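Step one of this worksheet: look at the structure below.
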Amino acid sequence: MRIATWNINSLRARMDRVLAFLERHDVDVLALQETKAKPQQLDLTALQEAGYEVAAHGLNQWNGVALISRVGLSDVRTELPALPLWPEDETGVVEARALGGLVGDGLRIWSLYIPNGRELDHPHYDYKLRWLEALRAEGARELAEDLSAKVALVGDFNVAPLDEDVWDMEFFDGKTHVSEPERAAFRAVVDAGYADVVRGDHPGPGVYTYWDYQQLRFPKRQGMRIDFVLGSPSVQSAVTGSFIDREERKGKGASDHAPVVVDLDL
DNA sequence: ATGGTGGATTATCCA
């Protein structure tokens with residue numbers, strides 16, 4: 001089974017790229033972030049004609065997530081249990097930052113869009129840390145129940161875990177994505193049993209998944225590694241290969257993120 | 001001097 005994660009920065013603006021990507025790489029399951037669409041705004045005809053089922057979760061113009069699968073899609077959940085909400089919820093509305101489903105032979109995959117954090121002293125920064133802690137707790141609970149559970153936590157984590165995951169640490173001094181609390185929160189998810197299954201075969205420095213649209217960051221190779229596929233032990237041991245599709249960042253109409261692709265022999 | 005891109009939605013917010 002070939003799974004992938006991609007911050008698409010508007011699914012409606014890039015549906016043609018998604019279809020071409022799925023076909024080009026023979027992808028079975030694709031997790032998307034920043035779909036920037038409510039489910040009812042999406043025209044899924046072409047995806048369905050290509051043999052894919054789709055589940056989408058979105059409430060506003062920036063932080064929607066989706067799962068696309070041609071190997072089954074069931075038990076779809078639109079929120080992680082006990083996930084803290086932003087803004088502090090009075091209406092019952094929750095943010096569309098997580099969407100999980102069962103695909104293939106019992107693999108649970110979560111498409112995750114971790115909060116950006118904005119600034120170190122912004123309320124969203126604390127929200128980001130709480131969100132990651134809730135993800136860790138839920139991930140730990142899942143493995144405490146069944147250590148052999150096949151779980152993949154994939155998506156845009158908005159954290160660069162190592163210094164080598166950004167093009168210039170001095171540039172990021174005092175900024176989010178590289179602060180120690182964010183990195184500790186990311187490591188806690190890993191330590192709960194969810195390993196980065198890509199880094200081993202694609203070590204840095206200079207291996208990125210995101211390049212800002214501004215300042216010619218992509219041609220200048222000034223990027224960040226912030227998109228990850230984290231796998232439970234049974235997923236880790238099933239990995240047969242992986243790659244970051246840097247080509248997808250090229251040309252007119254590219255997302256600012258590249259897809260991350262992982263092959264599994266479950 | 002400096003958000004110099006890009007998307008969604010409409011002059012502003014978000015990343």
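Order of the sequence lines fixes the chain letters, A, B, ..., with proteins taken first and strands second; residue numbering starts at 1 for each chain. Everything quoted here is computed from the prediction, not taken from an experiment.
- Comparing B:dC14, B:dG7, B:dG3 against the side chain of A:R118 picks out B:dC14 as the nearest.
- Residue A:L120 comes nearest to A:G174 through the heavy atom pair CD1-O, 3.3 Å, listed as atom of the first residue, atom of the second, then distance.
- Side-chain proximity of A:K36 to B:dA8, B:dA15, B:dG3: nearest is B:dA8.
- Within 6.0 Å of atom CD in A:Q41, more than 12 heavy atoms from other residues, nucleotides or ligands are found, so the atom counts as buried in its surroundings.
- Here the closest non-hydrogen pair linking A:A96 and A:G58 is CB-CA, 3.6 Å.
- If you take atom P in B:dC13 and the same atom in B:dT9, they sit 16 Å apart, rounded to whole Å.
- For A:D156 and B:dC14, the CG to C1' distance is 13 Å, given to the nearest whole Å.
- Between A:I8 atom CD1 and B:dA15 atom C1' there is a gap of 15 Å when expressed in whole angstrom units.
- Considering only the side chain of A:E34, B:dA15 comes nearest among B:dG4, B:dG3, B:dA15.
- Rounded to whole Å, the distance from CG on A:L59 to P on B:dT9 is 13 Å.
- B:dA15 and B:dG4: their C1' atoms are spaced 16 Å apart (whole Å).
- In this structure, CG of A:N60 is placed 9 Å from P of B:dA15, rounded to the nearest angstrom.
- To the nearest whole angstrom, the two C1' atoms, one in B:dG3 and one in B:dA11, are 15 Å apart.
- Looking at A:L30 and A:L22, their side chains come closer than 4.5 Å, going by heavy atoms from C-beta outward.
- Taking only side-chain atoms of A:N9, from C-beta outward, the nucleotide of B:dT9, B:dA15, B:dG7 with the closest atom is B:dG7.
- Close placement of the A:F186 and A:F228 rings is indicated, their centers lying within 6.0 Å of each other.
- When heavy atoms are screened at a 4.0 angstrom cut-off, A:F218 is found touching no nucleic acid atom at all.
- Ranked by how close their nearest DNA chain B nucleotide is to the 5' end, A:N7 and A:K38 are led by A:K38.
- With hydrogens and angles ignored, no donor-acceptor pair under 3.5 angstrom links the side chain of A:Q61 to the base of B:dG7.
- Whole-Å rounding puts the A:Y210 OH to B:dC14 C1' distance at 11 Å.
- In this structure, the CG atom of A:N63 is 17 Å from the P atom of B:dC13, given to the nearest Å.
- Using cut-offs of 30° and 60° for the angle between ring planes, the A:W167 and A:F171 rings count as tilted.
- The nucleotide whose nearest atom lies closest to any side-chain atom of A:Q215 is, among B:dA8, B:dG6, B:dG4, B:dG4.
- Residue-to-nucleotide proximity on DNA chain B shows that, of A:R12 and A:P115, the 5′-proximal contact is made by A:R12.
- The residue A:R217 sits apart from the nucleic acid: no heavy atom pair falls under 4.0 Å.
- With rounding to whole Å, A:Y127 atom OH is found 10 Å from B:dA15 atom P.
- With B:dA15, B:dG3, B:dG7 as the choices, the nucleotide that has an atom nearest any side-chain atom of A:Q214 turns out to be B:dG3.
- Note: CE (A:M15) to C1' (B:dG7) measures 15 Å, nearest angstrom.
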